Amino acid sequence: MGAAARFLLRRQGVNRSGKGWHWTDIVTWVWLVGGLIIMFGPAVWLAFSSFKTPAALAEFPPSILPYVTQQATVEGYDRPLQLFDAKLPDGSTRVLAEVRRIGLVSQMVDPKAPGEIIRVNMNDRTPVRTLSFATSNYTEPFVHFDFLRYLWNSVFVTVVATLITLVVNSMAAFALSKYEFRGRSAAMLIILATLMVPLSVIMVPLYSIISSLGLFNSLWGVILPTVATPTGVFILRQYMLTIPDELIDAARMDKASEWQIYWRIVLPLTAPALAVLAIFSVVWRWNDFLWPLIVLSRRELYTLQVGLSIYSGELNVQWHFILAMTVVTMIPVVLVFIFLQRFITTGIAGTGLK
């Protein structure tokens, strides 16, 4: 047994009584397994459901894996018929094809001898299903749906907005953490107070400003109003407070300008907090739907989240395409998290120190 397996399977009961399970072992396993299911269960369900056909998505009770009912071409019928394991009155079980259903009775035929109609109660039949992945849910949007254009718009908005957010918020945090001036605490309090202002309150005046600046139907109209975030200023300021003031005083004695201090000393030391803010910013911009929907009315400028709404009509919602493209939209955020996750613990832990 490897070291990892011994670590996962070790129990408190072994250490205390020499054998058996202690109640803390049971609580720990229930807590960990339950947390694992709650956290990753919806993602696993989403991934498997993205490979289901529309008929499989409409099944009840639903299944996790993408099963499809087998069909067979029967002589005398112009369309393939679904196959079922049917229990006959004599107790035998046969594979039959369903012709039609009338009330609680299903009219079925033997695919090898379709001349005789066999009536079977609906409760006495089960569909013959096999595991099948509908890869067309992923390929068709690339052919019939301008996915690459929407993907590029989302990547452009996310990357540019994240870069500007890091610069703007780090400048504000540098000034609020390393400069002594009257009203510094009040300014920080006002910035934090804006966290309580929802987007719906400022949506109309923000739209008027964007329209007057000529940024309506422009990706810059999506980017610029969201680059200054109170959360980012707070995280970076709290982290910059941990940087010794003596280090900045020494740089000033060496004739370094304020820009050089900010760019060459403070920013490199604030890399963990910047990584945390970058992850937050990527998630915010990538998943943003309401503001791009308001600013953009030209279809070629849609971001990916707005473009996916095309599959949601008034009378029909193409869930198989929506689920598949949702999985695709999750991939960039997951990759960013994988590459920057080592900074999260350091950045968040350092944010609360002073």
Side-chain angles (χ1 to χ4, degrees), residues 4-5 7-9 27-68 129-142 145 147-148 150-155 157-159 161-162 231 235 275-293 302-312 316-348:
F7 174 78
L8 293 175
L9 298 177
V27 172
T28 301
W29 276 101
V30 171
W31 179 265
L32 293 177
V33 174
L36 184 67
I37 294 175
I38 293 175
M39 291 179 62
F40 295 100
V44 173
W45 188 288
L46 171 64
F48 282 118
S49 297
S50 66
F51 289 100
K52 292 182 180 180
T53 61
L57 288 172
E59 287 183 351
F60 185 85
S63 61
I64 297 179
L65 297 177
Y67 288 104
V68 295
R129 303 198 301 174
T130 57
L131 190 64
S132 177
F133 292 88
T135 56
S136 59
N137 294 346
Y138 288 87
T139 57
E140 287 191 20
F142 285 93
F145 175 65
F147 179 83
L148 294 179
Y150 301 152
L151 178 63
W152 163 250
N153 292 339
S154 290
V155 170
V157 169
T158 301
V159 173
T162 298
T231 303
I235 292 176
V276 174
L277 179 58
I279 294 175
F280 289 162
S281 179
V282 168
V283 174
W284 294 335
R285 274 55 176 185
W286 188 263
N287 294 328
D288 193 11
F289 172 77
L290 182 58
W291 182 243
L293 180 65
Y302 282 175
T303 59
L304 196 55
Q305 306 300 333
V306 179
L308 287 178
S309 62
I310 296 175
Y311 287 122
S312 180
N316 183 30
V317 179
Q318 297 173 296
W319 288 112
H320 54 302
F321 289 143
I322 293 178
L323 294 176
M325 293 300 99
T326 300
V327 173
V328 175
T329 59
M330 289 172 54
I331 295 176
V333 179
V334 173
L335 293 178
V336 170
F337 178 81
I338 291 175
F339 285 111
L340 299 180
Q341 58 89 21
R342 63 190 182 94
F343 294 106
I344 293 179
T345 304
T346 304
I348 295 180

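Index from 1, following the sequence. Predicted model, so just to flag it, every value in this text is computed and none were measured.
Considering only residues two or more places apart in sequence or on other chains, Phe133 meets the ring-ring contact (aromatic ring centres under 6.0 Å, His included) condition with Phe51. Thr162 pairs by the side chain to side chain donor-acceptor pair (under 3.5 Å) definition with Ser281, not counting sequence neighbours. Under the rule for a side-chain contact (heavy atoms from CB on, under 4.5 Å), the partners of Thr231 that lie at least two apart in sequence or sit in another chain are Leu195, Ile235, Trp284. For Val33, the side-chain contact (heavy atoms from CB on, under 4.5 Å) test picks out Trp29, Ile37, with sequence neighbours left out. Among residues two or more places apart in sequence or in another chain, the side-chain contact (heavy atoms from CB on, under 4.5 Å) test is passed with Val159 by Val155, Leu163. With sequence neighbours excluded, no residue satisfies side chain to side chain donor-acceptor pair (under 3.5 Å) with Tyr302.
Although no hydrogens or angles enter the test, the distance criterion places a donor-acceptor pair under 3.5 Å between the side chain of Ser154 and the main chain of Leu304.
Scanning both residues, Asn137 and His320, for their nearest heavy atoms gives OD1-CD2, 3.3 Å.
Within 6.0 Å of atom CG in Leu32, more than 12 heavy atoms from other residues, nucleotides or ligands are found, so the atom counts as buried in its surroundings.
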Output a table of donor-acceptor pairs, distance under 3.5 Å, between side-chain atoms of residues 322-339 and any protein atom two or more places apart or on a different chain; print 'none' if there are none.
{"unit_1": "Thr326", "atom_1": "OG1", "unit_2": "Ile322", "atom_2": "O", "d": "2.5"}
{"unit_1": "Thr329", "atom_1": "OG1", "unit_2": "Met325", "atom_2": "O", "d": "3.4"}
{"unit_1": "Thr329", "atom_1": "OG1", "unit_2": "Thr326", "atom_2": "O", "d": "2.6"}

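In this structure, the separation between OG on Ser63 and CG on Leu57 is 9.0 Å, given to the nearest 0.5 Å.
Residue pairs meeting the side-chain hydrogen bond (donor to acceptor under 3.5 Å, both in side chains) criterion with at least one member in residues 40-55, sequence neighbours excluded: Trp45-Ser49, Ser50-Tyr138.
In this structure, the side chains of Thr130 and Tyr67 stay at 4.5 Å or more apart for every pair of heavy atoms.
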Item to complete: Run the numbers on Tyr150 and Gln305 for side-chain contact (heavy atoms from CB on, under 4.5 Å), then give the verdict.
Response: CA-CA 8 Å; Tyr150 301 152; Gln305 306 300 333; over 6 Å; no
